[in-house]
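Report on one structure; see the data block that follows.
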Amino acid sequence: MGAFLYGVSLQWKLDIRSKTLLITCYIVPLLFFAIMGGIFTSVMPEARYTLIQSMTVFGVTMGALIGLPPSLVEIYSSDMKKVYKANGVPLYLGLALTNISAYIHLFIMSIILYIAAPLAFDAEIPENPGTHFISLAIFIAVSLGIASIIGLAVKDQAKTSMFSIIVFLPSIMLSGIMFPTELLPKAFETVGKLFPATWGYRLMAESVFKFESLLPLFLIFALAAVMCSILLRKIDK
């Protein structure tokens, strides 16, 4: 247990020095919030009621999909993998440590948004903060699961960035945070339901847990866990 905690601490320190993580988990989400928060609330005053949720969905999706995969590629497509094997360290440990570290960073960023939005744009605080943060915890975990698939499946840094953006853009555009999903063509609305961002936004926007919003997230997470397990086995061969 001590070695595991040391590994988490070490990964945290490495991430703090990582410009990619700093940009994707903090700078871009908070800059997007500073600019788009003002635009949203000026053009659509009612946006302040879901501003915290929409900005959180953008920040978590950005940090997970754009920030995590490069770290996994660095571990599993480099000599670091050989170091793991040579020292008898299970390969899944790298995946676990990077996910835990990214999870902590994304949760901190989300708390910053939660505090700053009411102060900066008079955003409405969620009716039930407990439900909001539990929903957030679930959403972060599912988003990191999808990001982990990309990081394990794609072995080239350039291609990883490309695939991350391919998943990131529809996640945001079709999630409902930019405009109501009811305005989308039915085909686009259906495609949007394949991404965690859509269900994460719905879950956090609701004051109570609804099974129809939770179930898709659990299914996506289960699928991601199975895929990551398969990919790790392939990498270990």
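What you are looking at is a predicted structure, and each value in this text was computed from that prediction instead of being measured. Only heavy atoms go into these numbers, but all of them, side chains included; no hydrogens, no water, no symmetry mates.
Within 6.0 Å of CD in E127 there are 12 or fewer heavy atoms belonging to other residues, nucleotides or ligands. The 12-atom threshold is exceeded at CZ of F209, counting heavy atoms of other residues, nucleotides or ligands nearer than 6.0 Å. Residue F32 qualifies as enclosed at atom CZ: its count of foreign heavy atoms under 6.0 Å is above 12. Residue F121 qualifies as enclosed at atom CZ: its count of foreign heavy atoms under 6.0 Å is above 12.
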Go through the steps to decide whether F168 and F58 satisfy the test ring-ring contact (aromatic ring centres under 6.0 Å, His included), and finish with yes or no. CA-CA 9 Å; F168 171 72; F58 177 88; 5.8 Å; yes
In sequence, state the C-alpha distance, the side-chain angles, and the governing distance for F188 and L183, and then conclude on side chain to side chain contact (heavy atoms under 4.5 Å, CB included). CA-CA 10 Å; F188 284 1; L183 300 178; over 6 Å; no
So T181 and L174, side chain to side chain contact (heavy atoms under 4.5 Å, CB included) or not? Walk me through it. CA-CA 7 Å; T181 54; L174 305 179; over 6 Å; no
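No donor-acceptor pair closer than 3.5 Å links the side chain of S213 to the backbone N or O of W199. The closest donor-acceptor contact from the side chain of S229 to the backbone of A225 lies at 3.5 Å or more, if one exists at all. Side chain of S101 to main chain of T98: no donor-acceptor pair is present (N/O by atom type, distance under 3.5 Å, no hydrogens or angles).
Residues D156 and V73 have side chains not in contact (no heavy-atom distance under 4.5 Å, counting atoms from C-beta outward). T41 is not listed as a side-chain neighbour of D122, based on a closest heavy-atom distance of 4.5 Å or more. Between V208 and N128 there is no side-chain heavy-atom pair separated by less than 4.5 Å. Within the 4.5 Å cutoff, no side-chain heavy atoms of V57 are placed close to those of Q53. V60 is listed as a side-chain neighbour of L136, based on a closest heavy-atom distance under 4.5 Å. Inter-residue side-chain proximity for F195 and P170 is flagged as met; some heavy-atom pair is nearer than 4.5 Å. Using a 4.5 Å heavy-atom cutoff, the side chains of L68 and S148 are in contact. Proximity of I66 to I165: side-chain heavy atoms (C-beta onward) are separated by under 4.5 Å at one or more points.
Nearest heavy-atom pair, C25 versus M109, reported as atom, atom and distance to 0.1 Å: O-CG, 3.0 Å. In terms of heavy-atom proximity, K193 sits nearest to T198 at N-OG1, 4.2 Å. Of all the heavy atoms in G59 and P29, the pair that sits closest is CA-CB, 3.6 Å. The two residues M178 and I172 make their nearest non-hydrogen contact at CG-O, 4.0 Å. For the pair P196 and I146, the tightest heavy-atom approach, listed with the atom from each and the gap, is CG-CG1, 3.8 Å. Residues P69 and T160 come closest through the heavy atom pair CB-CG2, 3.3 Å.
Hydrophobic clustering (ILVMFWY, side-chain heavy atoms < 4.5 Å, transitive): F218 and L223 are in one cluster. No chain of hydrophobic side-chain contacts below 4.5 Å, direct or via other Ile, Leu, Val, Met, Phe, Trp or Tyr residues, connects Y49 to F40. A single hydrophobic cluster is seen to contain both L119 and I39, as judged by linkage of ILVMFWY side chains at heavy-atom distances under 4.5 Å, directly or through other members. Hydrophobic clustering, with ILVMFWY side chains joined whenever heavy atoms are under 4.5 angstrom apart, keeps I230 apart from I235. V142 is not connected to L215 by any chain of hydrophobic side-chain contacts under 4.5 Å among Ile, Leu, Val, Met, Phe, Trp and Tyr, and they are in different clusters.
With rounding to the nearest 0.5 angstrom, the NZ atom of K159 is 11.5 Å from the CD1 atom of I166. Between the CD1 atom in I220 and the CE atom in M227 there is a gap of 14.0 Å [rounded to 0.5 Å]. With rounding to the nearest 0.5 angstrom, the NZ atom of K210 is 12.0 Å from the OG1 atom of T131. The NE2 atom of H132 sits 10.5 Å away from the CG atom of L203 when rounded to the nearest 0.5 Å. In this structure, NE2 on H105 lies 12.0 Å from CD1 on I100, to the nearest 0.5 angstrom. Note that SG of C228 and CD1 of I150 are 10.0 Å apart. Values are rounded to the nearest 0.5 Å.
With I108 as the partner, the side chain to side chain contact (heavy atoms under 4.5 Å, CB included) test is satisfied by one option alone out of L106, I112, I111: I112.
In this structure, F133 has its ring center closer than 6.0 angstrom to the ring center of Y114.
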